[in-house]
Asks: 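Here it is: the structure, laid out below.
All figures in this text were calculated on a predicted structure; none of them were measured in a lab.
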2 protein chains.
Amino acid sequence: MNLKPTESELEILQVIWKKGQCSVRDVHEELAKNKDAGYTTTLKLMQIMHEKGLVERNTDAKSHLYKALISREQAQQGALDKIISTVFKGSTSDLVIQALGQHRASKDEIDAIKDYLKQFDK
Amino acid sequence: MNLKPTESELEILQVIWKKGQCSVRDVHEELAKNKDAGYTTTLKLMQIMHEKGLVERNTDAKSHLYKALISREQAQQGALDKIISTVFKGSTSDLVIQALGQHRASKDEIDAIKDYLKQFDK
DNA sequence: TTTGATATACGAAAACTATCGTAGATATTT
DNA sequence: AAATATCTACGATAGTTTTCGTATATCAAA
């Protein structure tokens, strides 16, 4: 089974992750802010995600409620693994440095990272 | 013009980046180690990449030689931008911390990152 | 110079993804 | 209860990406 979400599926997962549990309409209205596709498009995608096992749903009510079966962390890890191997030659530090360089992390972000790195000191 | 390489195109670019200049056969043999697709598949993909302007080629000899027209750094940045916005809620530090956490960066890598971060002190 | 290996070109099929329209069920409003 | 709104199901289409077969050219070896 292929657990790797497509681009559109990720957009949907984002909404579900944020809200915890969503109807198709919830997701659709959120997506409609930045994108314009019909309601049935979102519905169909979510049905496919259900077939794939990316989400589960409660069909008790007329309007079904969806929950994610893949965590944001899993998706993050999958995305990282992929780009580290395809464009960063397997080097995590290359990725980190490139990320910090171009994205001009804020002072808070830099501090968060420094804090994190302290655990490696002894 | 769409400069964003597809998944397969990235696999090919990887080989070209590593070797600097490649014939279709060079790329194909490298890919064949991990994947099995026919020679003409690789050829076709590289021809499409040429049409798209992702690579240039020298057709003097019978066997054409391809060079990348997009740098590894550009591709890295594109890949980072995408995943930061789709799975990391726009947070670079989330990405960095997740990357360091799971990938168990080596001491050298950690040191490289610490060095890099020093530039933000003053 | 004929044969065999290796190239490119390129159309077309296959696979995957995204989009939509329509049908029919269920709920809500008047 | 009839009309209206909202939901799911699902087939069909369109778009993109990947794969491959076949034709044809070029080179090297017998």
Side-chain angles (χ1 to χ4, degrees), chain A residues 1-16 21-67 70 75 78-79 82 86-87, chain B residues 1-16 21-67 70 75 78-79 82 86-87:
Chain A
M1 183 201 295
N2 181 14
L3 271 181
K4 206 189 66 188
T6 68
E7 206 52 32
S8 295
E9 288 169 349
L10 270 179
E11 290 174 0
I12 290 170
L13 281 171
Q14 269 194 104
V15 180
I16 300 179
Q21 196 183 40
C22 288
S23 66
V24 174
R25 180 137 317 263
D26 290 337
V27 171
H28 180 65
E29 306 223 310
E30 187 65 28
L31 294 186
K33 293 177 183 168
N34 309 307
K35 189 183 180 178
D36 85 346
Y39 174 84
T40 56
T41 297
T42 305
L43 169 65
K44 180 72 166 183
L45 284 172
M46 290 176 72
Q47 286 170 344
I48 291 171
M49 291 169 76
H50 181 245
E51 282 172 17
K52 288 191 188 175
L54 288 170
V55 294
E56 63 181 349
R57 64 181 180 180
N58 180 321
T59 61
D60 291 347
K62 179 192 174 193
S63 171
H64 301 174
L65 289 179
Y66 291 75
K67 284 184 188 172
I70 179 182
K82 193 175 86 181
T86 57
V87 286
Chain B
M1 184 199 299
N2 182 14
L3 271 181
K4 205 188 66 187
T6 67
E7 206 50 34
S8 296
E9 287 169 350
L10 269 180
E11 289 174 1
I12 290 170
L13 281 170
Q14 262 193 113
V15 180
I16 301 179
Q21 198 183 37
C22 290
S23 65
V24 174
R25 179 133 321 258
D26 291 338
V27 172
H28 181 64
E29 307 225 308
E30 187 66 27
L31 294 185
K33 293 177 185 169
N34 308 308
K35 188 184 181 180
D36 83 345
Y39 173 85
T40 55
T41 298
T42 305
L43 169 65
K44 179 70 165 185
L45 283 172
M46 290 175 73
Q47 286 170 344
I48 290 171
M49 290 169 76
H50 181 245
E51 282 171 17
K52 288 190 186 174
L54 287 170
V55 295
E56 64 181 348
R57 64 182 181 180
N58 180 321
T59 61
D60 290 349
K62 178 193 174 192
S63 171
H64 301 175
L65 289 179
Y66 290 75
K67 285 185 188 171
I70 177 181
K82 193 173 87 180
T86 57
V87 284

Asks: Using whole Å, what does the distance between atom P of nucleotide dC20(D) and atom CG of Asp36(B) come to?
Replies: 7 Å
Asks: Distance check needed: dA5(C) C1' versus Tyr39(B) OH, whole Å only.
Replies: 12 Å
Asks: Within this structure, what is the CG-to-P distance between Leu43(A) and dT17(C), rounded to whole angstrom?
Replies: 18 Å
Asks: Arg57(A) has an atom CZ; how far is it from atom P of dT8(D), in whole Å?
Replies: 8 Å
Asks: Can you identify which nucleotide, out of dT8(C), dT18(D), dT19(D), has its nearest atom closest to the His64(B) side chain?
Replies: dT8(C)
Asks: Please round to the nearest 0.5 Å and tell me the distance separating atom CG of Asp26(B) and atom CD1 of Ile12(B).
Replies: 12.5 Å
Asks: Within this structure, what is the CD1-to-P distance between Ile48(B) and dC10(C), rounded to whole angstrom?
Replies: 12 Å
Asks: Within the pair Lys35(B) and dT19(D), is there a side-chain N or O less than 4.0 Å away from OP1 or OP2?
Replies: yes
Asks: Hey, which sits more toward the 5' end of DNA chain D by its nearest nucleotide, Ser63(A) or Lys44(A)?
Replies: Ser63(A)
Asks: For Ser8(A), report the nucleic acid contact type (base, sugar-phosphate, nothing); a contact means any heavy atom under 4.0 Å.
Replies: sugar-phosphate
Asks: What is the separation between atom NE2 on His28(A) and atom C1' on dT8(D), rounded to the nearest whole Å?
Replies: 15 Å
Asks: Using only modelled atom types and a 3.5 angstrom limit, is any donor from either the side chain of Lys62(A) or the base of dT6(D) paired with an acceptor on the other?
Replies: yes
Asks: Classify Thr6(A) by what it touches in the nucleic acid, base, sugar-phosphate, or nothing, heavy-atom distance under 4.0 Å.
Replies: sugar-phosphate
Asks: Please report the shortest heavy-atom distance between Glu11(A) and Leu31(A), naming the atom on each side.
Replies: O-CD2, 3.9 Å
Asks: Please classify the nucleic acid contact of Thr40(A) as base, sugar-phosphate, or nothing, using heavy-atom distances under 4.0 Å.
Replies: base
Asks: With a non-hydrogen cut-off below 4.0 angstrom, is Gln47(B) in contact with a base, only sugar-phosphate, or nothing?
Replies: base
Asks: Please say which of His28(A), Lys35(A), Gln47(A) ends up in a side chain to side chain donor-acceptor pair (under 3.5 Å) with Thr42(A).
Replies: His28(A)
Asks: Is a salt bridge present between Glu7(B) and Lys82(A), judged by a nitrogen-to-oxygen distance below 4.0 Å?
Replies: yes
Asks: If I take atom CZ in residue Arg25(B) and atom C1' in nucleotide dC27(D), what distance separates them, rounded to the nearest angstrom?
Replies: 14 Å
Asks: Can you give me the closest heavy-atom contact between His50(A) and Tyr66(A), atom names plus distance?
Replies: CB-CE2, 4.5 Å
Asks: How many whole angstroms separate atom CE of Met49(A) from atom C1' of dT17(C)?
Replies: 13 Å
